[in-house]
Amino acid sequence: MYALIDGNNFYVACERAFRPSLKGRPVIVLSNNDGCAISRSNEAKALGVAMGAPWHLVRQKLPDAGIVALSANFTLYGDMSSRLMSIAAGMGPEQEIYSIDECFIGLAGVRGDLVDRAQRLRERILQWIGIPCGIGLGATKTLAKLANHIAKSADRKPGSYPPELARVCNLAALTPADLDAVLSATDVGAVWGVGPRNAEKLRALGVATVADLVRMDPVVARMRFSVMLERTVRELQGMACIPFEDAPASKKEIACTRSFGRAVTELAPLVEAVSEFAMRAAEKLRRQNSVAAQVLTFVHTSPHKTGPQYSRAVTMPLRRPTADSAQLVNAAIRGLRAIYRPGYKMAKAGVMLLDLQPENVGQAELELGEDEPDRGNLMTTIDRLNQRYGKGTLVLASAGMAGDKRVWSMRQELRTPQYTTCWEDVPLALA
DNA sequence: TCTGGGGTCCTAGGACCC
DNA sequence: TCTGGGGTCCTAGGACCC
C-alpha cells in the first residue's frame with residue numbers, strides 16, 4: 001500500500017499561512033516575470049482562471065473580481081516544502097519526495113486503520129504549518145495518485161464524489177461496486193501518466209473513464225500507445241510497475257533558463273545573463289557531486305510577438321568533464337557567441353549542462369600539459385560563502401555587477417517577504 | 001507592457017560498424 | 001537474375017509530469 005500526500009494549491013497555501021487575510025479570497029501565484037498563473041486558490045479556480053493563464057489577460061478579463069496576484073517566492077515555498085516533508089514522513093517507513101508539494105509514503109508494515117492515521121496526519125500538517133493537504137491511499141503509486149485526485153475533488157466540488165472520500169480517500173477500502181462507481185465518474189485524463197494527447201486518443205477509442213481504462217488489455221495499450229500506457233493500465237489493475245525511489249536519483253541534465261523582463265538585443269547583456277545561468281547550473285551540479293561533459297546554450301525571440309523570429313541552440317563539448325564554474329561559463333559564452341545574431345529581440349536564454357557523470361569516476365588520460373588548473377577547493381569555498389552569506393556574495397564578474405538593475409532581470413513586482421529564511425523578514429509577534 | 005522553469009522517458013530514423 | 005543479418009549510438013521529436 002502507498003499513500004500520496006500533497007499540499008492543496010501549494011504556493012497559494014504557503015502565502016496564506018503568513019497572510020491569513022488572503023483566506024477566502026481568489027489568490028493566484030504568478031510564474032517568473034509575473035507571466036502566468038502557476039498556483040490558484042479554489043476561489044480563483046471557481047472564477048475560471050486556468051492553470052498557466054497569462055496574468056495580463058486574466059486582469060483584463062476580470063478587472064473587478066478582486067483577484068490577488070503574487071510573484072512567485074520560491075525561497076519560501078522550498079522552505080515550507082521541507083517542513084511539510086518532515087511531518088509527512090511520519091505516515092510510514094518509506095518516503096519518496098516526488099515534487100515540491102507531494103510525496104509518496106510506503107506503508108508496508110504499518111498497522112491499524114490507515115484512513116484514521118492519514119486523517120490525523122493531515123490535521124497535524126494543517127496545525128503545525130497551516131498547509132491543507134489531500135491524502136490518497138492505494139495499492140500502487142498510480143492508484144494512490146488517483147485516490148489523492150478524488151480526495152481533493154470531493155473536497156473542492158461537493159457532489160462530485162461521496163463526501164466521505166473528501167480530503168482522505170482509500171481506494172483499497174471500497175467495495176467493488178463503490179469502486180466501479182467512483183472510477184466510472186472519473187475522466188480518463190485524471191490518471192497519472194495520461195496526458196491531454198493520449199486522453200483524446202483514448203476517448204476516440206471509446207475509453208472515456210478510468211473504469212474503461214482499467215478494463216483495457218495491457219497488451220493493446222502497448223501496441224496502440226506505448227509501454228508507458230501499458231504500465232499505467234497494469235498499475236490501475238493493482239500490479240506495481242513503477243519503482244519506489246526512496247533516495248533521489250542524481251539528475252542527468254541540469255538547466256538554468258529564464259525569460260527576460262524585457263527584450264534584449266545587444267550581445268553584452270546576453271553574455272551577462274548566460275554567465276549567470278551557467279554559474280547557477282554549475283552550483284546545482286556541484287551540489288550533486290557531478291561533472292558535466294557538454295554545455296548547451298540557447299537564445300530565442302518571443303513566439304508570442306510579431307517580427308523576425310530567431311531560435312538557436314548549440315552544444316559545446318568540454319575537453320574533459322568539469323564542475324568548475326569558470327570553465328562552464330566559458331563554454332556557455334563561446335556557445336552564445338556562435339549563435340548570437342544582432343538585430344533580434346531575444347526574449348529568453350538558457351544554459352543546460354549535459355552528459356553528467358559522478359565526479360569521482362573520471363576517465364584517466366595522459367597529462368598533456370596546458371590543462372586548466374583543478375580548482376575544486378576554490379569552487380567549494382565559493383559555494384560555502386554563498387550559502388553562508390547569501391546568494392550572489394561571490395560571483396564571476398562576467399555575470400555583471402549591477403544586480404537587479406541589469407536590463408534582462410525578470411520582473412517580480414508582487415513578491416512577498418521571505419518569512420522563514422531571512423532574518424529581516426521573519427514576522428514579529430506583538431504581545 | 002504583458003504568455004514559466006525544470007525535468008524524464010520512449011520512439012523512430014539515420015549513420016555507422018562488422 | 002541476383003544484393004544479409006545483427007547490432008550500437010546519436011538525434012530529434014513527442015508525450016508526460018509538477
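Residue numbering restarts at 1 for every chain, and letters A, B, ... go by the order of the sequence lines. Predicted model, so just to flag it, every value in this text is computed and none were measured.
Looking at heavy atoms from C-beta onward, A:T257 lies out of side-chain contact with A:V351 at the 4.5 angstrom threshold. When side chains are defined from C-beta on, A:L146 counts as touching A:L236, because their heavy atoms get closer than 4.5 Å. In this structure, the side chains of A:I5 and A:C103 come closer than 4.5 Å at one or more pairs of heavy atoms. In this structure, A:Q288 and A:L356 have side chains that are in contact, with non-hydrogen atoms separated by less than 4.5 Å. Counting heavy atoms from C-beta outward, A:I125 and A:L84 have side chains that approach closer than 4.5 Å.
Between A:F298 and A:H300, the ring-plane angle classifies as parallel under the 30° and 60° cut-offs. Ring geometry, A:F74 versus A:Y11: the interplanar angle exceeds 60°, so the pair is classed perpendicular (tilted spans 30 to 60°).
Under a 4.0 Å N-O distance rule, the pair A:E276/A:R280 qualifies as a salt bridge. The residues A:R203 and A:D187 are annotated as salt-bridged, a charged nitrogen and a carboxylate oxygen being separated by less than 4.0 angstrom. Using a 4.0 Å cut-off between charged side-chain N and carboxylate O, A:E96 and A:K141 make a salt bridge.
Between A:W192 and A:F104, the distance from one ring center to the other falls under 6.0 angstrom.
Taking a 4.0 Å limit (strictly below) on heavy-atom distances, residues 252-265 of chain A reaches DNA chain B at A:K252, A:E253, A:I254, A:A255, A:C256, A:T257, A:R258, A:S259. Scanning residues 70-88 of chain A for heavy-atom distances under 4.0 Å to DNA chain B yields an empty list.
Here the C1' atom of nucleotide B:dG4 and the CZ atom of A:R40 are 15 Å apart, to the nearest Å. A:K345 places its NZ atom 13 Å from the P atom of B:dT3, with the value rounded to the nearest Å. Taking atom CG on A:L414 and atom C1' on B:dC2, their separation rounds to 13 Å, with Å as the unit. Rounded to an integer number of Å, the gap from CZ of A:R59 to C1' of B:dT1 is 9 Å. The CG-P distance, from A:L354 to B:dT8, rounds to 11 Å in whole Å. Rounded to whole Å, atom P of B:dG5 lies 10 Å from atom CD1 of A:I38. The NZ-P distance, from A:K284 to B:dG5, rounds to 11 Å in whole Å. The nearest whole Å value for the distance from the CD atom in A:Q60 to the P atom in B:dT3 is 13 Å.
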Is there a side-chain hydrogen bond (donor to acceptor under 3.5 Å, both in side chains) between A:D212 and A:T209 once you walk through the steps?
-> CA-CA 5 Å; A:D212 297 331; A:T209 69; 3.3 Å; yes
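Note that CZ of A:R312 and OG1 of A:T301 are 13.5 Å apart. Values are rounded to the nearest 0.5 Å.
Within 4.0 Å (heavy atoms only), A:N32 reaches sugar-phosphate atoms of the nucleic acid but no base atom. A:K201 comes within contact range of no nucleotide atom at all, as no heavy-atom separation falls under 4.0 Å.
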Nucleotide N/O to protein N/O under 3.5 Å, stretch nucleotides 15-18 of chain C:
{"from": "C:dA15", "atom 1": "OP2", "to": "A:R197", "atom 2": "NH1", "distance (Å)": "2.5"}
{"from": "C:dC16", "atom 1": "OP1", "to": "A:G195", "atom 2": "N", "distance (Å)": "3.0"}
{"from": "C:dC16", "atom 1": "OP1", "to": "A:G195", "atom 2": "O", "distance (Å)": "3.2"}
{"from": "C:dC16", "atom 1": "OP1", "to": "A:N198", "atom 2": "N", "distance (Å)": "2.7"}
{"from": "C:dC16", "atom 1": "OP1", "to": "A:N198", "atom 2": "ND2", "distance (Å)": "3.3"}
{"from": "C:dC16", "atom 1": "OP2", "to": "A:R197", "atom 2": "N", "distance (Å)": "3.1"}
{"from": "C:dC16", "atom 1": "O5'", "to": "A:G195", "atom 2": "N", "distance (Å)": "3.3"}
{"from": "C:dC17", "atom 1": "OP1", "to": "A:G193", "atom 2": "N", "distance (Å)": "2.6"}
{"from": "C:dC17", "atom 1": "OP1", "to": "A:V194", "atom 2": "N", "distance (Å)": "3.2"}
{"from": "C:dC18", "atom 1": "OP1", "to": "A:K145", "atom 2": "NZ", "distance (Å)": "2.6"}
{"from": "C:dC18", "atom 1": "O3'", "to": "A:S99", "atom 2": "OG", "distance (Å)": "3.0"}
{"from": "C:dC18", "atom 1": "O3'", "to": "A:D101", "atom 2": "OD1", "distance (Å)": "3.3"}
{"from": "C:dC18", "atom 1": "O3'", "to": "A:E102", "atom 2": "OE2", "distance (Å)": "3.3"}

Set out, line by line, the N/O atom pairs under 3.5 Å between protein and nucleotides 9-13 of chain C.
none

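In the set B:dC2, B:dG7, B:dG4, B:dC2 carries the atom at the smallest distance from any side-chain atom of A:K305.
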What would the secondary structure line of DNA chain B be in dot-bracket form, counting Watson-Crick and G-U wobble pairs under 3.5 Å, with [ ] for pairs that cross earlier ones and | for pairs with another strand?
-> ....||||||||||||||
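With A:E15 as reference, A:L76 is the one residue of A:L76, A:V27, A:I28 to meet the side-chain contact (heavy atoms from CB on, under 4.5 Å) rule. When the options A:R16, A:K45, A:E43 are evaluated for a side chain to side chain donor-acceptor pair (under 3.5 Å) with A:N9, the one that passes is A:K45.
Map A:P54 and A:M228 each onto its nearest nucleotide of DNA chain B; the residue landing nearer the 5' end is A:P54. Each of A:R222 and A:S250 was matched to the nucleotide of DNA chain B holding its nearest heavy atom; the match closer to the 5' end belongs to A:S250.
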Ignoring hydrogens and angles, write down the donor-acceptor pairs under 3.5 Å from the side chains of residues 342-350 of chain A, residues two or more places apart or on other chains.
none

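Summarising the geometry of A:A292 relative to A:L328, their closest heavy-atom pair is CB-CD2, 4.4 Å, with the distance given to 0.1 Å.
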